[in-house]
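Note that the structure is predicted; figures quoted are calculated from it, not measured.
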Amino acid sequence: MLLEEIKVGDIFCTCWGYEQTNVKFWQVVKRTNKSVRLRPIKKQIVKNETNMSRYEVPIPNDFTDSAFSKNEDYSITKMIKGGTTKDALPGYNGWGDFYRYVEGDELFSSSWY
């Protein structure tokens, strides 16, 4: 993905899990010549599939706090390197890529609790 294709306000998502599907949404809050800064945003359930699965969408500009930090301005920086795929940024902590969210898509998630 080329840095020029990413703008402040764009939303990305990560999906990961073991015997469940966790979905997290991220919004671009800053862009430099070589990187983007993303902050996690809240999500909304739009449809329950079962009592342990659902479809979710992001809530733009509604930023979340992080379990990893007490700082409300929690963010991560992703370097943009040549060779990244058209719709993804390199993985985060080894559990997946950041995929560009397509507005209107409802993403499946599941849990055992």
Side-chain angles (χ1 to χ4, degrees):
M1 177 176 295
L2 300 174
L3 180 59
E4 297 80 32
E5 297 172 350
I6 302 172
K7 61 186 181 310
V8 171
D10 284 351
I11 296 176
F12 287 80
C13 60
T14 54
C15 298
W16 57 277
Y18 181 77
E19 295 185 356
Q20 64 187 30
T21 304
N22 300 294
V23 174
K24 188 164 192 161
F25 294 101
W26 303 81
Q27 187 169 338
V28 176
V29 294
K30 183 178 180 181
R31 194 187 102 169
T32 68
N33 289 336
K34 296 183 181 180
S35 67
V36 293
R37 179 163 293 176
L38 300 112
R39 283 186 62 195
I41 57 176
K42 293 181 181 177
K43 55 190 174 182
Q44 175 182 356
I45 296 171
V46 291
K47 178 174 43 176
N48 284 309
E49 186 76 6
T50 69
N51 62 343
M52 295 187 293
S53 61
R54 66 210 61 78
Y55 287 88
E56 301 171 333
V57 295
I59 304 173
N61 302 311
D62 197 352
F63 300 99
T64 66
D65 198 0
S66 168
F68 304 112
S69 169
K70 293 186 179 185
N71 181 356
E72 290 182 18
D73 190 26
Y74 171 71
S75 64
I76 60 168
T77 300
K78 300 300 296 174
M79 300 301 290
I80 306 301
K81 303 174 186 173
T84 57
T85 63
K86 182 178 184 296
D87 292 319
L89 298 173
Y92 174 65
N93 286 348
W95 41 263
D97 290 336
F98 283 76
Y99 293 95
R100 185 184 295 274
Y101 173 73
V102 177
E103 188 173 346
D105 278 359
E106 298 172 353
L107 299 185
F108 178 82
S109 97
S110 64
S111 63
W112 295 107
Y113 52 91

Item to check | Glu19 side, atom CD; Ser110 side, atom OG - distance, nearest 0.5 Å | outcome: 10.0 Å
Checklist entry - Are any side-chain N or O atoms of Glu49 and backbone N or O atoms of Tyr55, one a donor and one an acceptor, separated by less than 3.5 Å? => result no
Checklist entry - Would a 4.5 Å heavy-atom cut-off, applied to side chains only, mark Lys7 and Val28 as touching? => result no
Item to check | salt bridge (Lys or Arg N to Asp or Glu O under 4.0 Å) involving Asp105 - partner list, sequence neighbours excluded | outcome: none
Item to check | Spacing of CZ belonging to Phe98 relative to CH2 belonging to Trp26, to within rounding of 0.5 Å | outcome: 5.0 Å
Checklist entry - When rounded to the nearest 0.5 angstrom, what is the spacing between SG in Cys15 and CG in Leu107? => result 5.5 Å
Checklist entry - Going through the checks in order, is the side-chain contact (heavy atoms from CB on, under 4.5 Å) test met by Lys24 and Asn22? => result CA-CA 7 Å; Lys24 188 164 192 161; Asn22 300 294; over 6 Å; no
Item to check | Nearest heavy-atom neighbours spanning Pro60 and Pro58 | outcome: CD-O, 3.4 Å
Checklist outcome for this item: Of all heavy-atom pairs linking Glu56 and Phe25, the shortest is O-CZ, 4.0 Å
Checklist entry - Taking only residues two or more places apart in sequence or in another chain, which ones pass salt bridge (Lys or Arg N to Asp or Glu O under 4.0 Å) with Lys30? => result none
Checklist entry - How close do Lys42 and Phe63 get, heavy atom to heavy atom, and via which atoms? => result CE-O, 4.1 Å
Checklist entry - Would you find a donor on one side and an acceptor on the other, under 3.5 Å apart, between the side chain of Ser35 and the backbone of Thr32? => result no
Checklist entry - Excluding sequence neighbours, so at least two apart, what forms side-chain hydrogen bond (donor to acceptor under 3.5 Å, both in side chains) with Thr21? => result none
Checklist entry - Can you hop from Phe108 to Val46 via hydrophobic side chains spaced under 4.5 Å? => result yes
Item to check | Arg54-Ser111 side chain donor-acceptor pair, cut-off 3.5 Å | outcome: yes
Checklist entry - Can you tell me how far the CD1 atom of Ile41 sits from the CD1 atom of Ile59, to the nearest 0.5 Å? => result 8.0 Å
Checklist outcome for this item: Minimal heavy-atom distance between Arg31 and Val36, with the atoms involved, is CG-CG1, 3.8 Å
Checklist entry - Is there a donor-acceptor pair closer than 3.5 Å between any side-chain N or O of Lys43 and the backbone N or O of Val23? => result yes
